[in-house]
Amino acid sequence: MSVLELASALLLIIGAVFFLAGTIGLLRFPDVYTRLHALAKADNLGLGFTVLGLLLQAPGVAAGLKLILVWLLALAASATLSYLIARRALAKGIVPWKSEEGER
């Protein structure tokens with residue numbers, strides 16, 4: 001196995017770990033706002049590492065540019081949709097979660 005393949009595999013594994021962290025955040029966090037934050041941040045990082053790992057295996061420049069374009073479009077879509085979901089939740093009266101005094 002070459003160094004390029006090892007680097008690619010490592011980046012893909014790191015991306016998968018970030019996707020897993022976002023999924024765990026979605027399941028464990030208490031309200032819509034913290035869940036959105038976990039998904040938007042972790043999934044964008046996961047996709048970024050995945051794209052970097054795939055760039056190392058891309059057969060040419062055109063394929064690499066397509067991967068980067070997909071990543072940029074996903075970043076824009078994620079930010080826009082997270083904003084719209086949070087705005088709608090606030091408009092419907094869903095208040096952000098606050099911890100109680102004794103909780104940490």
Side-chain angles (χ1 to χ4, degrees):
M1 199 179 232
S2 71
V3 174
L4 191 65
E5 290 173 343
L6 284 175
S8 178
L10 181 66
L11 288 168
L12 290 171
I13 290 169
I14 291 170
V17 168
F18 274 104
F19 279 125
L20 179 64
T23 302
I24 292 170
L26 173 67
L27 297 174
R28 301 253 330 161
F29 285 153
D31 72 340
V32 66
Y33 306 105
T34 54
R35 290 175 184 165
L36 278 173
H37 180 74
L39 283 178
K41 301 300 179 198
D43 285 354
N44 286 335
L45 279 171
L47 184 59
F49 280 111
T50 301
V51 166
L52 287 175
L54 292 175
L55 278 174
L56 296 177
Q57 298 294 323
V61 176
L65 290 175
K66 287 178 189 176
L67 285 169
I68 292 171
L69 179 62
V70 167
W71 182 44
L72 293 175
L73 289 173
L75 283 173
S78 175
T80 303
L81 289 174
S82 294
Y83 168 76
L84 291 173
I85 291 170
R87 189 172 130 184
R88 180 69 177 159
L90 197 59
K92 289 190 78 79
I94 301 172
V95 295
W97 174 81
K98 291 183 182 179
S99 68
E100 296 179 17
E101 294 259 342
E103 254 184 80
R104 289 252 172 206

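Side chains are part of it too, since the values below use all heavy atoms of this structure and drop only hydrogens, waters and symmetry mates.
Interatomic distance, D43 CG to K41 NZ, rounded to the nearest 0.5 Å: 12.0 Å. To the nearest 0.5 Å, atoms CD1 (I85) and CG (L36) are separated by 5.0 Å.
A donor-acceptor distance shorter than 3.5 angstrom exists from the side chain of S82 to the backbone of S78, with no hydrogens or angles considered.
Both L45 and L10 sit in one connected hydrophobic cluster of ILVMFWY residues. Membership requires side-chain heavy atoms under 4.5 Å apart, directly or through other members. Taking hydrophobic clusters as Ile, Leu, Val, Met, Phe, Trp and Tyr residues chained together by side-chain heavy-atom distances below 4.5 Å, F19 shares a cluster with V51. Hydrophobic cluster membership is shared by L47 and L12, with clusters built from Ile, Leu, Val, Met, Phe, Trp and Tyr side chains linked at under 4.5 angstrom.
Proximity of N44 to F18: side-chain heavy atoms (C-beta onward) are nowhere separated by under 4.5 Å.
The two residues A89 and V32 come nearest to each other via the heavy atoms CB-CG1, 3.8 Å. The minimum heavy-atom distance linking Y33 with V95 is given by the pair CE1-C, 3.9 Å.
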- Message: Walk me through whether I94 and D31 qualify under side chain to side chain contact (heavy atoms under 4.5 Å, CB included).
- Response: CA-CA 9 Å; I94 301 172; D31 72 340; 5.7 Å; no
Tell me which donor-acceptor pairs under 3.5 Å the side chains of residues 52-76 have, and how far apart each pair is, sequence neighbours excluded?
none

